[in-house]
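In what follows, a structure is listed as structure tokens, so that the remarks can point back to it.
Everything numeric here is computed off the predicted structure, so don't read it as measured data. Reminder, nothing fancy here: chain letters follow the sequence lines and each chain counts from 1.
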Number of protein chains: 2
Amino acid sequence: MPVSPIAPLSQMMAEYSDPSQCPVRNVLDQLGDKWSVLIISALAHRPYRFGELKREISDISQRMLTQTLRDLQADGLIERTVFPTTPPSVEYKLSPMGHSFLVPLSAMVDWAFEHFPAIREARQEFARAA
Amino acid sequence: MPVSPIAPLSQMMAEYSDPSQCPVRNVLDQLGDKWSVLIISALAHRPYRFGELKREISDISQRMLTQTLRDLQADGLIERTVFPTTPPSVEYKLSPMGHSFLVPLSAMVDWAFEHFPAIREARQEFARAA
DNA sequence: CGGCATCCTATTGGATACTG
DNA sequence: CAGTATCCAATAGGATGCCG
């Protein structure tokens, strides 16, 4: 099985003596949180308004939706457009960079779907052995 | 830019009414934590002993190293081998499934390296605007 | 409708000390 | 060496109420 090269950890660690400056940690910390992937997945198909997202991701709190959207906007992955109607309407959509992120993200998602049965079995086996 | 299809969120949500059963959330919650990626990246090159890993990932605590290794082992991504020497020696290495995970992981890592400058700029711009 | 501010709880994770 | 156990601080995140 061909394995794409991962930058050696020693290089990652050496190059960024301050771990908070490591690009990988920096980016994955944000995108690996509880909600970012779900929001990006939703926006992959079409733009959404705030309330639409809230309903679509039914178990997210308003607080975390607001916060995660703001973080993703700060990172330049999504764009926020306010329509000054009454009542106000705010649309969120992926930026070009956000779209480019769908490529590695869908690779992860596909892997997760494909290996989830094996992972679940491994967990049960591990629990039995313990 | 071709975008691989992501399973529609509505399908993900509908198929797994209990969000904790969603494969994507389930797998990514574990692998998206603070240390899993670093450990897997280290083990991508060769097996490591516990103390070696501790030194390599210099800012991980012993507690989190133990715990993350156990979780990754439970998920079947790494294998743990005890050599009953004195003093004892324990080797960790990627399982075949762990190796297969390197494919999507390296895609994410590559994306992070490539887009980190743009993300940092976006963050600064966002901070200025606020 | 699309938020923000506050409070409060649960979880995460570091530091430290001890063990086979 | 390779952990385990305990304590404690920081953070994440839900619930609720208010606002333009």
Side-chain angles (χ1 to χ4, degrees), chain A residues 13 18-20 22 25-26 28-39 42-43 46-75 78-93 126 129-130, chain B residues 18-20 22 25-26 28-39 42-43 46-75 78-93 126-127 129-130:
Chain A
M13 303 296 283
D18 179 358
S20 69
C22 170
R25 296 203 200 191
N26 217 296
L28 268 57
D29 276 3
Q30 170 55 38
L31 297 172
D33 77 4
K34 198 174 175 183
W35 302 112
S36 290
V37 165
L38 285 171
I39 292 177
L43 296 181
R46 63 171 176 89
Y48 272 80
R49 292 175 51 184
F50 186 88
E52 284 182 315
L53 276 174
K54 178 79 182 67
R55 279 187 297 276
E56 186 76 7
I57 309 172
S58 54
D59 59 336
I60 195 175
S61 67
Q62 200 173 45
R63 186 185 190 281
M64 291 314 297
L65 180 56
T66 301
Q67 187 173 307
T68 308
L69 284 171
R70 202 183 323 108
D71 291 343
L72 291 174
Q73 186 195 357
D75 282 4
I78 66 179
E79 292 163 6
R80 178 178 186 271
T81 312
V82 180
F83 299 100
T85 54
T86 49
S89 167
V90 180
E91 184 186 90
Y92 295 92
K93 63 172 195 173
F126 187 81
Chain B
D18 178 358
S20 69
C22 169
R25 297 203 198 191
N26 218 296
L28 268 56
D29 276 3
Q30 169 56 38
L31 298 173
D33 75 6
K34 197 175 177 184
W35 302 111
S36 291
V37 164
L38 286 171
I39 292 177
L43 297 181
R46 62 172 177 88
Y48 272 80
R49 292 174 51 185
F50 186 89
E52 286 182 313
L53 276 173
K54 178 78 183 68
R55 278 187 298 276
E56 184 77 7
I57 308 172
S58 54
D59 59 337
I60 195 175
S61 66
Q62 201 174 43
R63 185 185 190 281
M64 291 313 297
L65 181 56
T66 301
Q67 186 173 310
T68 309
L69 284 171
R70 204 183 320 110
D71 291 344
L72 290 174
Q73 186 195 358
D75 282 5
I78 66 180
E79 291 163 7
R80 178 178 186 270
T81 312
V82 180
F83 299 101
T85 55
T86 51
S89 167
V90 180
E91 184 186 89
Y92 295 92
K93 64 172 196 172
F126 187 80

Legend entry - Among A/Arg63, A/Met64, A/Gln62, the one residue meeting side-chain contact (heavy atoms from CB on, under 4.5 Å) with A/Ile60: A/Met64
Legend entry - Interatomic distance, A/Ile60 CD1 vs D/dA15 P [rounded to whole Å]: 12 Å
Inset, instruction - Measure from the side-chain heavy atoms of A/Val90 and tell me the nearest of C/dG2, C/dC4, D/dA2. - result: C/dG2
Inset, instruction - Take atom CD of A/Gln73 and atom P of C/dG3, then tell me their distance rounded to the nearest Å. - result: 9 Å
Legend entry - Contact under 4.0 Å: B/Arg49 side-chain N or O vs D/dA2 OP1/OP2: yes
Legend entry - B/Arg63 CZ - C/dT12 P separation (whole Å): 10 Å
Legend entry - Side-chain touch A/Lys93/A/Leu43, heavy atoms, less than 4.5 angstrom: no
Legend entry - Whole angstrom value for the distance that separates C1' of D/dG14 from CG of A/Asp59: 12 Å
Inset, instruction - Output yes when at least one side-chain N/O atom of A/Arg70 is less than 4.0 Å from OP1 or OP2 of C/dC4, else no. - result: yes
Inset, instruction - Consider the side chain of A/Pro87, meaning its heavy atoms from C-beta on, and name the nucleotide among C/dC1, D/dC1, C/dG2 that approaches it most closely. - result: C/dC1
Inset, instruction - Tell me, with the steps shown, if A/Phe126 and B/Asp75 meet side-chain contact (heavy atoms from CB on, under 4.5 Å). - result: CA-CA 8 Å; A/Phe126 187 81; B/Asp75 282 5; over 6 Å; no
Inset, instruction - Apply side-chain contact (heavy atoms from CB on, under 4.5 Å) to the pair B/Asp59 and B/Ile57, showing each step before the final yes or no. - result: CA-CA 6 Å; B/Asp59 59 337; B/Ile57 308 172; 4.0 Å; yes
Inset, instruction - Please report, rounded to the nearest Å, how far the P atom of C/dG2 is from the CE atom of A/Met64. - result: 19 Å
Inset, instruction - Ignoring backbone atoms, establish whether B/Lys34 has a side-chain N or O less than 4.0 Å from OP1 or OP2 of C/dG14. - result: yes
Legend entry - Value in whole Å for how far the P atom of C/dT11 lies from CG of A/Asp33: 18 Å
Inset, instruction - To the nearest Å, give me how far apart NZ (A/Lys54) and P (D/dA15) are. - result: 9 Å
Legend entry - B/Tyr92 side-chain N/O to D/dG3 phosphate OP1/OP2 under 4.0 Å: yes
Legend entry - B/Ser61 vs A/Arg55, nearer the 5' end of DNA chain C by closest nucleotide: A/Arg55
Legend entry - Whether over 12 other heavy atoms sit under 6.0 Å from B/Lys54 NZ: yes
Inset, instruction - Using atom CD of A/Gln67 as one end and atom P of C/dT6 as the other, report the distance to the nearest whole Å. - result: 15 Å
